[in-house]
Novice: 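Below you'll find the structure I mean.
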Amino acid sequence: MNTQYFRVTAYHPTEDISVIMDSHGMFDMLWQFSSFILNKGFQILEVSKESAFLDGNITKTEKITDKLILHASQIGKPDYTAHEHNGVNYRAVKVENKIYIPDRNKRS
């Protein structure tokens, strides 16, 4: 039974749209999630396992084995910014009004 939690930030150049999506139970491996997104015409900008990212203002979802969770979308590329978490400034990504830290080891 798959319980993997993954998060991706992707950009679709043809449509000029950015998204933040989660998969919780739909894929066993991170590369499967990435491949699925790439096959839809998106470029992967950030992709993380649950153990690597910090939530920011995005709440994780319950396990859903047959759907992806779209947290945010916007016209254009995502914004990169510094975001403070527990007194530490990290490199964060922002789409629409949603922000998270894709790699807890990258500080700004």
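For the single chain, residues carry numbers from 1 onward in sequence order. Everything numeric in this text was worked out from a predicted model, so none of it was measured.
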Novice: Which residues pass the ring-ring contact (aromatic ring centres under 6.0 Å, His included) test with Tyr80, not counting sequence neighbours?
Specialist: none
Novice: What ring-ring contact (aromatic ring centres under 6.0 Å, His included) pairs are there with at least one residue in residues 32-52, not counting sequence neighbours?
Specialist: His12-Phe42, Phe27-Phe33, Phe27-Phe36
Novice: What pairs with Arg91 under salt bridge (Lys or Arg N to Asp or Glu O under 4.0 Å), at least two apart in sequence or on another chain?
Specialist: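 In terms of salt bridge (Lys or Arg N to Asp or Glu O under 4.0 Å), with neighbours along the sequence ignored, Arg91 is linked to Glu46.
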Novice: Quick check: do Leu68 and Ile37 have side-chain heavy atoms less than 4.5 Å from each other?
Specialist: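 The answer is yes, as the side chains (C-beta and beyond) meet within the 4.5 Å cut-off.
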Novice: State which residues pass salt bridge (Lys or Arg N to Asp or Glu O under 4.0 Å) with Asp55; sequence neighbours excluded, sorted by chain then number.
Specialist: Arg7, Lys60
Novice: Do the non-hydrogen side-chain atoms of Thr61 and Tyr5 ever get within less than 4.5 Å of each other?
Specialist: yes
Novice: Under 4.5 Å side-chain heavy-atom separation, chaining through any Ile, Leu, Val, Met, Phe, Trp or Tyr, what else clusters with Ile99? Say none if it is isolated.
Specialist: none
Novice: Between Glu50 and Phe53, is there a donor-acceptor pair closer than 3.5 Å when you use the side chain of the first and the backbone of the second?
Specialist: no
Novice: Hydrophobic clusters here meaning ILVMFWY residues chained together by side-chain heavy-atom distances under 4.5 Å, can you tell me if Ile20 and Ile101 are in one?
Specialist: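 Ile20 and Ile101: separate clusters.
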Novice: Calculate, to the nearest 0.5 Å, the distance between atoms CE and OG1 belonging to Met26 and Thr65 respectively.
Specialist: 9.0 Å
Novice: Under the criterion side-chain hydrogen bond (donor to acceptor under 3.5 Å, both in side chains), which of Thr9, Asn57, Asp22 is the partner of Tyr100?
Specialist: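 Running side-chain hydrogen bond (donor to acceptor under 3.5 Å, both in side chains) over Thr9, Asn57, Asp22 with Tyr100 returns exactly one hit, Thr9.
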Novice: Remaining members of Ile75's ILVMFWY cluster at a side-chain heavy-atom cut-off under 4.5 Å?
Specialist: none
